[in-house]
Structures are given as C-alpha cells and as structure tokens.
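For ligands, and for the atoms within them, numbers begin at 1 and follow the listed sequence. Numbers for residues simply follow the sequence, beginning at 1. Treat the numbers as computed from the prediction; the structure is a model and nothing was measured.
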Amino acid sequence: MYDHKIDAADKAVMYRDLASALRGLVEGEPDPIANMANAAALIWETLPGLNWAGFYRNLGGELVLGPFQGRPACIRIKFGDGVCGTAAATLEVQRVDDVHAFPGHIACDSASNSELVVPIVGSDGVLIAVLDLDSPDQARFDAEDEAGCVALGEILARVL
Ligand code: SME
C-alpha cells in the first residue's frame, strides 16, 4: 500500500512532491488504466477543494470516461463540447474560474463551480486523454495549479 501524505501548505512544494509521488506510482507500469486510476486517487487525496478528479480518454475522436474519484459522471463527451471537449479539440489547457459562464459547460455535478482541464498528448501529437479537475469553489485553480497539473500530464503522457 502506498502512503503519500503530501503537505498542501506550500503549493510549489506540494506540486513537486505530487509529481515525484506520481512518477513513483507509474514507473515501470505499462497499463494505462492502472496508471490513470492511481493518478486520480493520488490527486484526489492531495489537492484540497476538489469534488471530482479524473480522466476522459480519447477513444476514436470521442472522449470516454476513464478512472476518476468523485460522483458518477457523464460517460461520453464530443470534441468541442463543454470544458473537456474544448481542451480536447484545441489541445489547450482550459482553466475556468466560473463554469456557469463557460459556453456549453456540461454540468455533471451541480456542485462544480470551477474547473481545470489538461490535455495529455502523446509524442505523436495526438490526444491520449484529458485530466479533469472540478471544484465547488469559484476560481479554485490559479496559474500555479495549472503549471503543476501540466507537469503531471507530461509524466502521464509517457505511460498512457
Ligand atoms: N464539466 C465537464 C464535464 C465533465 S465533469 O465535470 C466530470 C465539461 O464541461 O467538460
């Protein structure tokens, strides 16, 4: 059993420790579902103020629900739809302070108010999955969270 209790007090230190814990969890494991499952659990246990943390996989040009923590969620999202679909279509991080102001936002959980979605792209430039974090707080994610989660996505891109 892994015990990754990471101190969330200092964000820079927290993201450094989180990246190193993630590397340790996925190193040498080729199964993408196992790696996404452990990554979702690690992020959920470490980042405060989340109500959903997990993955949507790119299965033939459609996002399909992958491993996650939180309430059951929408299963399939088309590229271009909502926050996740926008990240998938543009390959750009979507950091949304108020999801209710985001055109086409898909309300899987009415408790969600802000969201961070990081595209995970393979070395061939093709989208593998998106990492989706939701929070009940307005503007929960800042630039440091974005950079920290992009770094996690880069670790995962090599093992998904
Ligand atoms: N709110 C997301 C859908 C996924 S759930 O948050 C888990 C969106 O608009 O893409």
Side-chain angles (χ1 to χ4, degrees), residues 4 6 8 11 14-15 18-19 21-22 25-26 31-122 124-157 159-160:
H4 296 291
I6 296 170
K11 236 190 221 190
M14 184 200 66
Y15 275 109
L18 185 51
L22 181 63
L25 278 173
V26 301
D31 187 85
I33 300 292
N35 287 333
M36 282 186 268
N38 261 340
L42 179 68
I43 292 167
W44 177 257
E45 285 286 308
T46 306
L47 296 189
L50 301 183
N51 65 321
W52 204 88
F55 296 89
Y56 281 89
R57 298 174 296 149
N58 174 15
L59 293 189
E62 186 179 27
L63 292 177
V64 180
L65 184 64
F68 69 94
Q69 301 277 315
R71 288 192 178 160
C74 341
I75 298 171
R76 291 175 185 271
I77 299 176
K78 289 192 177 22
F79 277 34
D81 283 0
V83 185
C84 289
T86 300
T90 60
L91 300 183
E92 280 170 12
V93 175
Q94 302 295 309
R95 180 156 57 90
V96 182
D97 286 347
D98 176 6
V99 292
H100 306 290
F102 191 94
H105 163 247
I106 302 159
C108 289
D109 183 344
S110 59
S112 297
N113 280 314
S114 59
E115 184 159 350
L116 177 65
V117 182
V118 176
I120 300 173
V121 181
D124 55 2
V126 176
L127 182 79
I128 302 168
V130 298
L131 168 62
D132 179 16
L133 305 181
D134 286 28
S135 173
D137 303 337
Q138 294 274 346
R140 155 68 183 80
F141 306 101
D142 63 13
E144 216 173 349
D145 292 298
E146 178 173 333
C149 290
V150 166
L152 300 180
E154 283 163 3
I155 295 167
L156 288 167
V159 293
L160 297 186

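If you look at ligand 1, the protein residues with a non-hydrogen atom under 4.0 Å away are W52, Y56, A73, I77, G82, V83, C84, H105, I106, C108, E115, D132, D134.
No side-chain donor-acceptor contact under 3.5 Å links S112 to the backbone of D134.
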Return all side-chain donor-acceptor pairs below 3.5 angstrom for residues 52-71, not counting sequence neighbours, or 'none' if the list is empty.
| residue | atom | partner | partner atom | Å |
| --- | --- | --- | --- | --- |
| W52 | NE1 | R71 | O | 3.0 |
| Y56 | OH | C74 | O | 2.7 |
| N58 | OD1 | G61 | N | 2.9 |
| N58 | ND2 | L127 | O | 2.9 |
| E62 | OE1 | R76 | NH1 | 3.0 |
| R71 | NH1 | D109 | OD1 | 3.4 |

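Here salt bridge (Lys or Arg N to Asp or Glu O under 4.0 Å) pairs that include residues 80-103, with residues two or more places apart or in two chains, are R95-E146.
In terms of heavy-atom proximity, D124 sits nearest to V126 at OD1-N, 3.0 Å.
The distance from the OG atom of S114 to the CG atom of D145 is 9.5 Å, given to the nearest 0.5 Å.
A157 pairs by the side chain to side chain contact (heavy atoms under 4.5 Å, CB included) definition with I120, not counting sequence neighbours.
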